[in-house]
*Asks:* 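Handing you a structure now.
When a residue number appears, it is its place in the shown sequence, counting from 1. Whatever order the structure lists them in is the order used to number ligands and atoms, beginning at 1. Quantities reported herein were computed from a predicted structural model and do not represent experimental measurements.
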Amino acid sequence: MATTIHILNGPNLNLLGQREPGIYGAESLEDIQKTCDTVSGKLGVSIEFRQSNHEGELVDWIQQADQASAGIIINAGAFTHTSIALHDAIRAGSVPVIELHLSNTHAREDFRHKSYISPVAQGVIMGFGGYGYQLAIRAMCTLLESTDSL
Ligand code: CA2
């Protein structure tokens, strides 16, 4: 059975492609998911791609992914900048986590400069729009190979 990577998306990411294309790009989350399916298929891994507007649901998914998955890629949206609950859920787990953002949050408002995810993530990818999802899948596969987990 193929190794699974969870790709978790936080609040408002379901609105991608409808507003603010200058910041987040013109692709919808569904478009991004399709590309992720293609890329992961080529790399021989399977993905579980999800989005929620609810912090507790994301906590549940992180806990589940820690049992069912080899790694987690998470774009926590605005919860990145506020959520100690997501920080604690990641910290409690043992699979590698890659933090992902479409935009370069450090080039934006001050309140986006703080991340509660970064201190518990293996690495961070940001500023490449939807292409960042492909980069994150590739980075996760390289990481898993290097630890003989793939
Ligand atoms: O750059 C990213 O990926 C973010 O995680 C996106 C979040 C933002 O709060 C983070 O600071 C950075 C926002 C999610 C999408 O929000 C939309 C709002 C309006 C229209 C489309 C998307």
*Asks:* In ligand 1, which numbered atoms sit nearer than 4.0 Å to a non-hydrogen atom of A78?
*Replies:*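 The list of qualifying atoms is 9 (O).
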*Asks:* Can you find a side-chain donor-acceptor pair between Q64 and R50 that sits under 3.5 Å?
*Replies:*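 Looking only at side-chain atoms, R50 and Q64 do form a donor-acceptor pair, the distance falling under 3.5 Å.
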*Asks:* Taking the six-membered ring of F111 as reference, does the NZ or CZ atom of K114 fall below 6.0 Å from its centre and within a 45° cone about the axis?
*Replies:*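 K114 over F111 ring: no.
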*Asks:* Mind listing the closest non-hydrogen atom pair of T3 and S149 along with its distance?
*Replies:*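 Answer, listing the atom of T3 first, then S149: OG1-O, 4.1 Å.
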*Asks:* Going by the atom numbers of ligand 1, which of them fall below 4.0 Å from some non-hydrogen atom of P11?
*Replies:*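 Ligand 1 atoms under the 4.0 Å threshold to P11: 14 (C).
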*Asks:* Sorted by first residue and then second, give each side chain to side chain donor-acceptor pair (under 3.5 Å) pair with at least one member in residues 16-27; sequence neighbours left out.
*Replies:*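 Only Y24-R108 qualify under side chain to side chain donor-acceptor pair (under 3.5 Å).
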*Asks:* Is there a path of hydrophobic side-chain contacts, each under 4.5 Å between heavy atoms of I/L/V/M/F/W/Y residues, joining I32 to I47?
*Replies:*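 Yes, because I47 and I32 connect within a single hydrophobic cluster, where side-chain heavy atoms sit under 4.5 Å apart.
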*Asks:* Is a donor on one side and an acceptor on the other found under 3.5 Å between the side chain of S52 and the backbone of G10?
*Replies:*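 Here the side-chain-to-backbone pair does not exist.
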*Asks:* If you group Ile, Leu, Val, Met, Phe, Trp and Tyr by side-chain heavy-atom gaps below 4.5 Å, do L58 and I7 land in one group?
*Replies:*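 In one cluster: no.
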*Asks:* At what distance is the nearest protein heavy atom to atom 1 (O) of ligand 1, and which residue and atom is it?
*Replies:*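 Here the closest protein heavy atom is S103 OG, 2.6 Å.
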*Asks:* Which atoms of ligand 1 are found less than 4.0 Å from any heavy atom of R19?
*Replies:*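 In order of numbering, the contacting atoms are 20 (C), 21 (C).
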*Asks:* So is H81 in contact with ligand 1, going by heavy-atom distances below 4.0 Å?
*Replies:*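 The answer is yes, since H81 has a heavy atom less than 4.0 Å from ligand 1.
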*Asks:* Under 4.0 Å from a heavy atom of L15: which atoms of ligand 1 are those, numbered in the order shown and with their elements?
*Replies:*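 Counting from 1, the qualifying ligand atoms are 21 (C).
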*Asks:* Write out the residue and atom name of the closest protein heavy atom to atom 19 (C) of ligand 1, then the distance separating them to 0.1 Å.
*Replies:*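 Atom 19 (C) of ligand 1 sits closest to the protein heavy atom E20 OE2, 3.8 Å.
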*Asks:* So is there a nitrogen or oxygen of T80 less than 3.5 Å from a nitrogen or oxygen in ligand 1?
*Replies:*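 Among all N and O atoms of T80, none is under 3.5 Å from an N or O of ligand 1.
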*Asks:* Considering only non-hydrogen protein atoms, determine which one is nearest to atom 6 (C) of ligand 1 and report residue, atom name and distance to 0.1 Å.
*Replies:*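 It is Y24 CE2, 3.5 Å.
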*Asks:* In the protein, which heavy atom is nearest to atom 16 (O) of ligand 1, and how far is it?
*Replies:*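 Residue, atom and distance for the closest contact: N12 CB, 3.6 Å.
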*Asks:* With heavy atoms of L13 as the reference, note each atom of ligand 1 found under 4.0 Å away.
*Replies:*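 Close to L13: 14 (C), 15 (C).
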*Asks:* What heavy-atom pair brings V95 and A70 nearest, and what distance separates the two atoms?
*Replies:*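 Taking V95 first and A70 second, the nearest heavy atoms are CB-O, 3.6 Å.
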*Asks:* Do C141 and L150 come within less than 4.5 Å of each other through their side chains, counting heavy atoms only?
*Replies:*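 Yes, their side chains come closer than 4.5 Å.
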*Asks:* Tell me every residue that passes ring-ring contact (aromatic ring centres under 6.0 Å, His included) with H54, counting only those two or more places apart in sequence or in another chain.
*Replies:*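 Not a single residue meets the ring-ring contact (aromatic ring centres under 6.0 Å, His included) criterion with H54.
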*Asks:* Is G132 near ligand 1, meaning one of its heavy atoms is under 4.0 Å from it?
*Replies:*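 The answer is no, since G132 has no heavy atom less than 4.0 Å from ligand 1.
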*Asks:* Around atom 8 (C) of ligand 1, find the nearest protein heavy atom and jot down its residue, atom name and distance.
*Replies:*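 The protein heavy atom lying closest is R112 NH1, 3.3 Å.
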*Asks:* Going by the closest heavy atom to atom 4 (C) of ligand 1, which one wins out of H101, H113, R108, E109?
*Replies:*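 Among H101, H113, R108, E109, the closest heavy atom to atom 4 (C) of ligand 1 belongs to H101.
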*Asks:* Which residue and non-hydrogen atom of the protein lie closest to atom 2 (C) of ligand 1, and at what distance in Å?
*Replies:*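 The answer is L102 N, 3.3 Å.
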